[in-house]
Every structure is written in C-alpha cells, then in structure tokens.
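Report on one structure; see the data block that follows.
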Amino acid sequence: MNLTQKKKDLLKQEWLKLSSPWIKETREGRNSHRNGLLDQPMLEACGDVKGLRILDCGCGEGRFCRILTQRGASYVLGLDLCEPMIRAARELQPSRNEYRIADVQDLSFLANQSFDLAVSYLNQCDLPDFMANTREVYRILRTEGRFVIANLHPMRSAGEGWYKSEDGIKQHVMLDRYFEENERHWKMMGEIFTNFHRTLSTYIQGFIEVGFNIEAIIDPTLNKKKSVEFPDLLDELRVPNFIIYCLNKTSDQP
C-alpha cells in the first residue's frame, strides 16, 4: 500500500495525540486487555527468553520490553515511530534494553540474522504495509528464530459494534465488509485512530509467502481466575477480540 506523505503524517499525529493518555494508562496498570487477556498467552508463546536477543516492533512506552528483560532476555530493542513513547520508554530503561525511533516497515539499519525472537504486540494492525514488516523481521531473525504477533482479530477489525436489544442487552457483534481490506477508524481514549483491516487468509498467506512456518494460532480468552479479576473483560468469553500468530524461520536464507 503506497501512502502519501500527508497520510503518513496524519497516522503519526493520531499516535502523538494518544501518547499521553496511553502512557498514563500503561504506567497505572489500567489496560485490562493487555494485563488480563494478552500478556499471559503472549509470554507463553514467546517461551523461555533467557539469553535471547529480542526485537519489539511497535514497543510503545516499553512495557513489554521491560517484562521480557525481567524474564532473562540478554538484549531487547524496542522500536516505535512515536517520539513521546520512546522518550517515556527511556525513562524506565533497563541496562539490557535499547529504544529507537524507527519505522518497523524498514529495518535496514539492522543486520541479517541478528535476533533470536521478534514480537509485535498489537502493532501489525496499525501498519499500512504489514508485509514489509514481516519480510524485514524474517531477514533479521536467525535460523530457528521466532516471530510472535498479537493482532486485532480480523472478525473484530471488520466489526460494527454490538447489536443490542431495546433494553440495552448485548445480543451479538455485528460484522460487515469483511472482504474489504482497508482503513477502519475507531475511538480510543477520546481520540480517533486508524487500524488496517485484513482478512485472516491475507495474514496467513502473507506469513507463508515470506517463508515463515506457522507453529500455532491462538484465540486468547479468559480463564476462571482472570474472569474474576477483570470483570470488564467478560465479553471476551463470547467473541474473540484478538489473535496471536506464532511463526518460526527454518530456512538459513535471510
């Protein structure tokens, strides 16, 4: 997808507006979807990270980078285009972490086969060109390296919200224009922002085309304990909001 510079600037401005409330919410631990739903399956998908060199594509203010370091990663590089996010990440930067302002669709400043693991935690759905990111990650991963991607579920990025009865009871999620792969606009923290909807087959075929093997596809949901701890997430037991792709690189060709 070719975007004009004006469009790129607009996308960047959305995240600049979101950065302050995003950082505040993250630092206060109020993001239920990450803390209550996605962190555990993402960490399980990453596996034992002790001694690994890890790339975090779209690291935000660095929360997941810090978690990976706490679990024993030898080096974690977090990349993000939003300057306030990177500044915030550096405020809490562990000695084995590094943060750079960079576009994850172009990793030309990183050497071939220089990382053991890459993660994309709700970032590819924000990218105009997810294939560029996928190709670049494949290149910088060592043989047997892995790429773990948490994304908006395509069934939700094509969603139109909940259909409710006259008394306000949620009946089901409305889905429309699933096969139209384009921008979708949402409101978060009072700001309008842009995601890019793509079908499930587009993602899967894209990963395969680049050369990745698909180890697993996970639909995260709540367990009993999390249901009690995060009652605001009970709708996750009805409709999948996210999806996790676990990929590996078996070829020795960059």
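Below, each value reflects all heavy atoms present in this structure, side chains not excepted, and no hydrogens, waters or symmetry copies.
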Heavy atoms of other groups near K226 NZ, more than 12 under 6.0 Å =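 Atom NZ in K226 is packed in, count exceeds 12.
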For M131, look at atom CE and say whether over 12 heavy atoms of other residues, nucleotides or ligands are found less than 6.0 Å away.
->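 Yes, enclosed.
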Check against side-chain hydrogen bond (donor to acceptor under 3.5 Å, both in side chains), T69 and N97 = CA-CA 7 Å; T69 301; N97 283 15; 2.3 Å; yes
Starting from [X], walk the hydrophobic network (Ile, Leu, Val, Met, Phe, Trp, Tyr; side-chain heavy atoms closer than 4.5 Å) and list everyone else you reach, by chain and number.
X	value
L92	none
M174	Y163
M189	W15, L18, W22, I23, M85, W186, M188, F193

Student check: side-chain heavy atoms of [X] and [Y] closer than 4.5 Å:
X	Y	result
N241	H153	no
L141	F212	yes
I149	Y203	no
D126	N195	yes
R66	E61	yes
V104	E136	no
L10	T194	no
D56	I54	no

Quick one: [atom1] on [X] to [atom2] on [Y], what's the gap to the nearest 0.5 Å?
X	Y	atom1	atom2	answer
N223	L37	CG	CG	9.5 Å
I217	L247	CD1	CG	8.5 Å
T26	N35	OG1	CG	8.5 Å
K249	F147	NZ	CZ	12.5 Å
T221	F242	OG1	CZ	11.5 Å
E83	S19	CD	OG	9.5 Å

Please confirm whether F130 and F196 have ring centers closer than 6.0 angstrom.
->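 Ring centres of F196 and F130 not closer than 6.0 Å.
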Go through L38 and L122 one step at a time and tell me if the side chain to side chain contact (heavy atoms under 4.5 Å, CB included) criterion holds.
-> CA-CA 10 Å; L38 283 172; L122 299 183; 3.9 Å; yes
Side-chain ([X]) to main-chain ([Y]) donor-acceptor, under 3.5 angstrom:
X	Y	result
D80	I86	no
Q171	I169	yes
R156	V173	no
E181	T199	yes

[X] versus [Y], closest heavy-atom pair with distance:
X	Y	answer
D129	Q105	N-OE1, 2.9 Å
E14	I192	CG-O, 3.7 Å
C59	C65	CB-SG, 3.8 Å
P154	H197	O-CE1, 3.3 Å
I140	L110	CG2-CB, 3.9 Å

Criterion salt bridge (charged side-chain N to carboxylate O under 4.0 Å, His left out) against D39, the qualifying member of R71, R34, R63 |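 Per the salt bridge (charged side-chain N to carboxylate O under 4.0 Å, His left out) rule, the option paired with D39 is R63, out of R71, R34, R63.
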State yes or no: do I243 and L152 share one hydrophobic cluster built from I, L, V, M, F, W and Y residues joined by side-chain heavy-atom distances below 4.5 Å, directly or via other members?
->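 Different clusters: I243 never reaches L152 through Ile, Leu, Val, Met, Phe, Trp or Tyr contacts under 4.5 Å.
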Flag yes if L127 and V119 sit in one hydrophobic cluster, no otherwise; membership is Ile, Leu, Val, Met, Phe, Trp, Tyr, and two members link when side-chain heavy atoms are under 4.5 Å apart.
->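 No, L127 does not connect to V119 through the hydrophobic network.
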By side-chain hydrogen bond (donor to acceptor under 3.5 Å, both in side chains) - contacts of S20 (at least two apart) =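 None.
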Excluding sequence neighbours, so at least two apart, what forms side-chain hydrogen bond (donor to acceptor under 3.5 Å, both in side chains) with D48?
->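 Result, side-chain hydrogen bond (donor to acceptor under 3.5 Å, both in side chains) vs D48: none returned.
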Worked verdict on S227 versus L234 for side chain to side chain contact (heavy atoms under 4.5 Å, CB included) = CA-CA 6 Å; S227 299; L234 288 177; 4.0 Å; yes
Which pairs pass ring-ring contact (aromatic ring centres under 6.0 Å, His included) with one or both residues in residues 81-118, sequence neighbours excluded?
->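 Passing the test, one end in residues 81-118: no pairs.
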Will you find, in the side chains of N112 and R139, an N or O donor that is under 3.5 Å from an N or O acceptor?
->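 Looking only at side-chain atoms, R139 and N112 do form a donor-acceptor pair, the distance falling under 3.5 Å.
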Would [X] and [Y] pass as an ion pair if we require N to O under 4.0 Å?
X	Y	value
E28	K24	yes
R53	D116	no
E209	R135	no

